[in-house]
Amino acid sequence: MEEEILQKYIQAGKIAKEAVKESKKIIKPGITLLEIADKIEALIREMGGQPAFPLNLSLNDLAAHYTPTAKDQTIFTDKDILKVDCGVHINGYIADTAYTVSFNPDHTGLIKASEEALDAALDLVRPGAHIRKISAAIEDVIKSHELNPIENLTGHGLEKYIQHTEPAIPNIRIEGNAKLEEDQVIAIEPFATSGRGLIKESSAQIMIFVLENVRPVRSQAARNVLNYIVENFATLPFAQRWIENGLKLSEFQTRLALKELRDNGIIGEYPALKEISSGLVSQHEHTIIVKDDPIITTR
Ligand code: MN
Ligand code: MN
């Protein structure tokens, strides 16, 4: 890996680390998810990074892909368990990291399960390591807590401006001989749940979108939104909230424009992901550059 690129990955990781640290200071029962997202995303920009995706703040049985809308009033309470998933990029070089927070002692074991699974997985990362061994370690640690890993969410590779690419790093045992390679950039993200261990898309909650194909679009309103997306987010996921705030549009106007872009195949959606049996979910994640002495950019 070129030194200049390596430094960008490391810098993105450093900013993500600081953002996580600050989030741990401000997240207390009674805070709104919107306040958390606004503060942390602003901090990322102040530090010279860009959010690689909207700050994901997924409560309880939501595993991922919830981010507040511009007028969201959802409050984090002392009963909740909250996944904070933070992405930062510098010129497209991404750091992706997540942790889980709760003030309810009932959730301590659940939080520990994904945290210890991530630690066990990180210990195995090196060039030539079998991915199936990492996946088995994740599954074993989570099951040792009498909880289930989420089967249909995986870790992933990262590339310039690409949030999810090969290799997939499953959270359950797999077959095959795929191995990690030197200088791959990967995110490992175990999810643990008290439920069955499967998520489904929650079509009623879609706050995150991504540009897929730039094509002509009929209405001026949708054209303005498309131009804003192309200029500001390129191929990285963006929040409905960012459009509302950036273009000073109402939620209604924004959703109408996004619907037109979606119906024309221009943008795709990331619906919130809900555990199918309404089990509570925890998640921990780090980004690693695979080397004999691996660089965990977000730790
Ligand atoms: Mn993530
Ligand atoms: Mn990830």
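Just so it is clear, the structure is predicted and the values come from calculations on it, not from any experiment. In listed order, ligands and their atoms are each counted from 1.
Of the possible polar contacts, one joining the Q184 side chain to the E181 backbone as a donor-acceptor pair under 3.5 Å is found. E275 places a side-chain N or O within donor-acceptor distance of the main-chain N or O of G197, the cut-off being under 3.5 Å.
Taking the six-membered ring for Trp and the full ring otherwise, the centers of F53 and Y270 sit at least 6.0 Å from each other. Between W242 and F233, the gap from one ring centroid to the other is short of 6.0 Å.
With waters neither drawn nor counted, the protein N/O/S atoms under 2.8 Å from the Mn ion (ligand 1) amount to 4.
Within the 4.5 Å cutoff, side-chain heavy atoms of I188 are placed close to those of I288.
Distances from the Mn ion (ligand 2) show that H156 has an N/O/S atom below 2.8 Å.
For P170, the side chain to side chain contact (heavy atoms under 4.5 Å, CB included) test picks out I131, S135, T154, I174, with sequence neighbours left out.
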